[in-house]
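Naming convention: chains lettered A, B, ... in sequence-line order (proteins, then strands); numbering from 1 in each chain.
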Amino acid sequence: MTSSFAIVGAALLFAMGLAVVRAVAGPTLFDRILAANSFGTKTVLLLAILGFLVGRPDFLDLALVYALINFVGVIAALKLIKFGRFSDPKPPVGT
Amino acid sequence: MIGIGLLLFLLLTATGILLVRNLFAVVILSGIYSLLMAGTFTILDAVDVAFTEAAVGAGISTVLLLAALGVVGQEDRGRNRRALIPIAVVVLAGVMLIYAVPEMPPFGSPEAPIHVHVAPQYIEETPSVIGIPNVVTAVLADYRGFDTLGEVTVIFTAGIGVLLLFAGRRRKYK
Amino acid sequence: MFALDIMSWILLGIGTLFLLIGAVGLIRLPDFFSRIHAAGLIDTLGAGLILAGLMIEAGWSLNLAKLVLILLFLLFTSPTSSHALAHAALVHGLKPWRHPKDSRQAQINTDGDEASNH
Amino acid sequence: MIFSNLAALQVVVPLIGAPLCTLFGRGILAWALSTAVTWFAFAVSISLLMQVLCCGTINYVMGGWLAPWGIEYRVDHLSALVLLLITGVASAVMPFAYQSVAREIPREKHRLFYTAYLLTFTGLLGMVITGDAFNAFVFMEISSLSAYVLIALGKNRRALYASFQYLVLGTIGATFFVIGVGLLYMITGTLNMVDLSERLSGQHDSRVFLAAVGFLVVGLSLKLALFPLHLWLPNSYAYAPSVVTVLLAATGTKVAVYLLLRFIFTVLQVNQQPDLLPVVDLLFPLALIGMFAGSIVAIYQTDVKRLLAYSSIAQMGYILLGISMASERGLIGAIVHVFNHGVMKAGLFVAVGAIAVHAGGTSIQNLAGLGRRMPFTMAAFTICALSLIGIPGTVGFVSKWYLVLAALEAGTTRGFIAAIAVVSASLLAIIYVWRVVEVAYFANPSDGEASVAEASWQTQFSLWIFSSSCVAFGLSTGLTAGVARLAAQTLLGIAP
Amino acid sequence: MSEHLILRVVIKFLIPFIFLFALYVQAHGDYGPGGGFQAGIIFSVGFILYGMIFGLQRLRRVVPPHLILALMAFGLLLYTGVGFATILLGGTFLDYGYLSHDTVHGHHYGIFLIELGVGITVASVMIAIYQTFTARAEETTDENVGTG
Amino acid sequence: MSVLGNFNYVIAITLSMIGLYVLIERGNLIKKLVGLNVFQSSVFLLYISMGKIDGGTPPIHYEGIAPFSNPLPHVLILTAIVVGVATLSVGLALVIRIRDAYGTIEEDEIQALDAESGGTE
Amino acid sequence: MINSNWGGAALLRHSISLFFILGGTWLLLSGHMEALPLILGAIACTFVVYLTRRMDIIDGESHPIHMGFRLPSYWAWLAWEICKANFDVACRILDPRLPIEPRLFELELHQSSDLEKVIYANSITLTPGTVTTNLDEEHIQIHALSVEAEREIRSGKMAAKVAALETSE
C-alpha cells in the first residue's frame, strides 16, 4: 500500500510543479491566482497522502487548515482585484 | 524524494519572486512559497510548524500584504540599487554558510549533538511529568514557556505598533 | 480486506490520472477561462477520488470523518472560488479566447493584460 | 517571596505594565503607570546589583526547569550594571517625558505610546538578564519592534523612512543572530549560554563554529551600529520623538554591546582560545575607523541631533576599541564607557529635546544665544558635552583613562596607535562640541525670537539628574569602575 | 454585486465551522498539532472573511475596536497572571506545578490557561491589524489618491 | 560527509541568500518585505532540517512509535514565525504610512524627495 | 446586536440546529470522549452560536435544514453528472487537436430563492466544462468549454433538479 501512496505523491508533486510553472509564467494575474488555488488543492491532497505514507493520519487536521487558508487567500486576492483596493465603500445590502 | 521535489519548487518560486515585477504576482508567489515551505516542514516531521507556517505564511501574511497593496498600488518600477554591494554581501554570507556545510552533522543522523543532549529528556519526560502527548506543546508552553510569553508579547507589540501608527487623524507632513 | 485495498488502489489511480490531466490542461489550454475548467477537473474528480481512496484505507475511524470533512470543504469552496475568479476576470475586462474557426471576431490576445492591472 | 523572585520581576513587572497601560491608561494615568513601573524596575535593579555584589551571580530558573532544559535568568556583575543603566535612564527620563510627549505626540496616542515605551523597556531588560541565547533573540525583537514604531512617530515624515530602514537592517541583524545561534545549537544541542560555552570547548576549529561566530558578530554589529553598518542610526535618532531618542541612544545600542560581550567572552571564550583572537582583532580597525569617521562627520553636521547621533557612532568606536584589546583594563574601559556614555548621551538628548521645544528647532542656528536665555539647560548640556570630550572630573575622562591605560599596558604598536587614536578622537570631539557651545554662548540670536523661556522644572529635573551623575560618577569611580572591574574579571574568567 | 450572492451564502455557511475548527485546534493542542497561536490565527481568519464579504462596518459592529484592544491586553495579562499566580503559590515564575495539588494536573491547567491567553491575543491582534489596514484603504479611496 | 549529503542545508542557504538579495537590492519597499519573509523562512528551514532524524516521526506520543524528531527546533521556529509575522505587519504599516507621506514606495524616489526638501545629506 | 428580519422562532430553530450540527462536527473532529473535551466542546459550540448570531449570519440560507434529505439525493445525481463531464473534458484536454470551442452565454433563471440560485450556480461550476461567471436576479451567465457542455446546460435538467429541492414544503 505504501508504494501506491508514494506513486500518488509523486504524481501530485508533478502536478504541483506544473501549477508553479503556471504561477510564474502568468500571463495574467488571474492565471496566477488560479494556479495558486489549484496548487493549494494539491497541497491538501499531498498532506492527506503524506499522513498515510508516514503512518500518522493525524496530519489531516493540517490538510483541513490548508483547504481553509487557501480559500481565504483566493478571496482576498479577488477582493483586491475587483475593487482595485481592499474594502467595500458601503456595506452590501443585508439579507 | 518528495522532499527534494518540494525543495526544488521552493527554489523555482524564490527565483520567481526575485524576477517577477508585478507586486501582486510577487505576493501570490510568496503565498505559494509559504505553502511549499509548510509542505517541506511536514516532511521534516515538524507538524506544528507546518500548521503555523500555513496559517501565517499562506494565510495571514498574504491577506495583510494584499491589504497593503490595496493602499499602495502594485507597481514595482524596478529601479534597483547598484547591484555590486548587495551581490558582494550575499555572496559573502552565502560562502560563509556553504563553507560550514561539510562539517555540519550529517542530515538525519541520530548521533548529531542536538539529538543526544537536551531534547531526549523532553521526549522521555513529557508523558509522565506533564502528562500530554504532544511534546512540542509541552516544550513550547512549559519547558520554554517564557519564550512563548515573549512571543505573545511580540505579537502584542505588533498590534500596538500598527494601531499606534494609524491612530488619530492623518497628519499632514510638510 | 484485500478487495478493499484493490478498490482503494483503483480509486487512487483514477484520481491521480484526472489530477495529471487537469494539471496538463492547466498548461496546455489556451486562455484563462478554459484553464478554469481544467482546474475544476482537479478539484472535483481528482481530489474526490483520491480522498475516497484514502477513506477506504482509513476504515471506520476518526480519520474517515476528517477526510469527509475535507472533501466537503473542498466541494463547497472550490466552485465558489472558481466562480469568483471567473467573474472577477470578466468584470476586469479579460476577454475569453474563441476558436479561430468558431467566430468572426478578431482574436483577442490574452497576453496583453499585464500592463493594465492596476 | 518577592526577594527570591527579583530577577523575574525585573522583566515581568514592566511586561505587565504594558497591557495595563493599554487597558487603563486614560489621560495622565498612562504616564503615572509608566513612571511607577520604571521606578520600581530601578529599585529592583539596585537590589539585584547589591545582591550580586554580596553573594555573586544570581541564577533564576523559569518555570522550575533546570538550566539547559528550561530558560534561565542569570545576573552577574556585567548584567547588573547594564540593568542599572537601563532602568536608571528610563526612570530618570520620565519627568521629562511628561511634557515632551504631551507636546510631540497627539493626545489620543498617549496610551499606546507609553505601552510601546514600556515594551521597548521590557525588551531591553530581557535581553540583558537572560541566560538563554534564543530568549535573547525574542526579547531583542520585542525591543526592536516597539522601537521601530516609536521612531516612526516623529513629526518629520523622514522619521517613517528612517524607521523603515532601521526595520530592514535591524531584522537582517536579528536574523543573522538567529543563524549564528542556530549553528551553535547545531553543534552543541543546547541554547543555554553557560552550557554552550562548556560544550563548545574543543570544537573551536570546526567550520560551523567559525561561521556561527561570523554571523553572531555581524548581526550584533548591525544592532550596535558598528561603523560600516551604522546607516540606520543617524536618521533614527534625529527624527524620533525626543523621549525615544533619549532611551534608544542611551540604552539601545548598549544592550547590543552587552550581548556582543556576552557572546565573545562568556560563550565563545575568545580570550582562552588563541586561534579565535582574529575575531576581536577584526574589531580593532573598525573601531578606529568608526571613531574617526563618526567624529569627522559629526563636525560637519548642522543639526544638533544628528551631530550627537554621529558622535554616538564615534563613541561606539571607543567601546569596541576596549573590547578588541581583550584585556582586563580594556574591558573595564569598554564597560565603564557603556555606562558613562549612556548617562551623558541621555543628558545631552534631554537637553536637545528641551531646546527643540523652547527654541523652535534643533539646528545649530536655533541655539544662538541660548546660553543666556536658557542658562540652566545650557549649563547641563555643557557639562554632558564636556564629559563627551573627556575633561577630567567628568565620566568621559574615567573611561578614556582606562582605555589609554589598557592601550599602553599592551605595549605593542597597536596599543600605541590605540592610545593616540583615543586622544586624537577626543580632540575631534572638542571641535564639534565647541561648535555647539560657541553658538550657544557667544553668538547673537537671530532677530525675532527674543523671548525664549527656560525649560520647565520637570525637564530640568531629568536633565540635572543626568548631568550631575556625569560629574558624580566622574569624581567617585567606585561604583562604575569597581563593578566594571568585577564584571571584566568574570568575563575573562579570572577569579576576582 | 452578484458575486456577493454566491460568496455570501457559502461564507455564511462556512464561518461557524471555521470558528469551531479554531476552537478545536485551541482545545486539542495537547493531543495533536496546533495550539493557541494557530487557533488564534484561524479564528481571526473567520472574522477576516466576514469582513471581506460583509464590509468593515459590519465587522466593526461585531467586534468594536475598543473591545479588540482590551482583548489584546487581556490575553497577555492572562499569561503573565498565571506566572504571577505561580509565584504567589510559592514557585518560580510560570512553574505550573504549583497550580494544583497534583503536579501533573497543575501543568495541565497552566498549559490550558496560557494557550488560551495566546489565542486571545493573537486573534485580536490579527483582527485589529486587518481592521486598521482596510480602514486606511477606504480612506485612501475616498480621497481618490489614484494609483500613481 | 559530502556537500550533497546535506542537500537540505544547501537549499536552505541558497534560498536565504535569494531572500537577502531581494531584501537588499530591490528598491520597492513591498518587495523588500517579501524578500525579508523569504529570508526568514529559509532560516526556519535550516533549523527544521537539523531537527529531522532518520526514520523519525513527529514528536507527538502515539502508542508504539519509537524515534521522534527533535522537538526543540520546532518550538524555536514557532516563536520565530510569530516574530516574522509581527515584523511583517509593522513593516507593512510603515510602508502604508510612507506611501501617505511621500506618495511613493520606491526607495530612490523617497531619497530624491528627501534630498529635495533640503536638510543634511 | 444587529437587527434581523428573521422571526424569533425561525432564528431559534436555526440556532438550535446549528448547535447540534456543530456539536456533531466537534465529536467527529475530537474523538475524545472524556469529560473535559466534551465540556469544552459544549462551551465552544455555544460560543460559536453566540458569535454567529452576533454576526447575524444564521438563517435558512446558511443552514438549509428545510431541504432535509432531498439534498443528499441531489448530490448523488450531481456526482454522476460530474463524472460524465469530467470524462468529457479529460478527453478534450488529451486530444492532440484540442477540440475546444469556448463560449459565453446567458440563460434566464427560474429558481425563486437565493439559495436555489446559489446551489444551481455552484453545481454548474462544479461540473467541469462549465463555469458560472455571473449571477443576478434573473440571469445566469456561463462560460462553457464546448458546444456539448452548453447544450447540456440548456437542456434544463439540472435546473429542474435544483428547483425540486425546495418545493413541497
Task: salt bridge (charged side-chain N to carboxylate O under 4.0 Å, His left out) involving G:Glu106 - partner list, sequence neighbours excluded - done: none
- [ ] Using a cut-off of under 4.5 Å on heavy-atom pairs, state which of G:Thr25, G:Thr127, G:Leu94, G:Val89 scores highest against chain C.
- [x] G:Leu94
Open item on the list: Heavy-atom cut-off 4.5 Å, strictly under: side chain, backbone, both or neither for G:Ser123 against chain C?
Closed with: neither
Open item on the list: Which atoms of C:Leu64 are under 4.5 Å from chain G, going by heavy atoms: the side chain, the backbone, both sets, or neither?
Closed with: neither
TODO: Can you see which heavy atom on C:Ser61 is nearest to which on C:Ala58, and at what distance?
DONE: OG-O, 3.4 Å
Open item on the list: Strictly below 4.0 Å, N to O, side chains only: are G:Asp88 and G:Arg92 in salt-bridge contact?
Closed with: yes
Open item on the list: Under 4.5 Å from any heavy atom of chain C, what part of G:Ala144 do you find: side chain, backbone, both or neither?
Closed with: backbone
Without placing hydrogens or testing angles, list every side-chain donor-acceptor pair under 3.5 Å for residues 12-29 of chain C, not counting sequence neighbours.
from, atom 1, to, atom 2, distance (Å)
C:Thr16, OG1, C:Leu12, O, 2.5
C:Arg28, NH1, G:Ile93, O, 2.4
C:Arg28, NH1, G:Asp95, O, 3.1
C:Arg28, NH2, G:Asp95, O, 3.3
C:Arg28, NH2, G:Pro96, O, 2.9

TODO: Measure C:Ser78 against the heavy atoms of chain G and call it side chain, backbone, both or neither at under 4.5 Å.
DONE: side chain
TODO: Go through G:Thr130, G:Leu27, G:Ile82 and name the one with the most non-hydrogen pairs under 4.5 angstrom from chain C.
DONE: G:Thr130
- [ ] Give a yes or no on this: more than 12 heavy atoms of other residues, nucleotides or ligands lie within 6.0 Å of atom CZ of G:Phe105.
- [x] yes
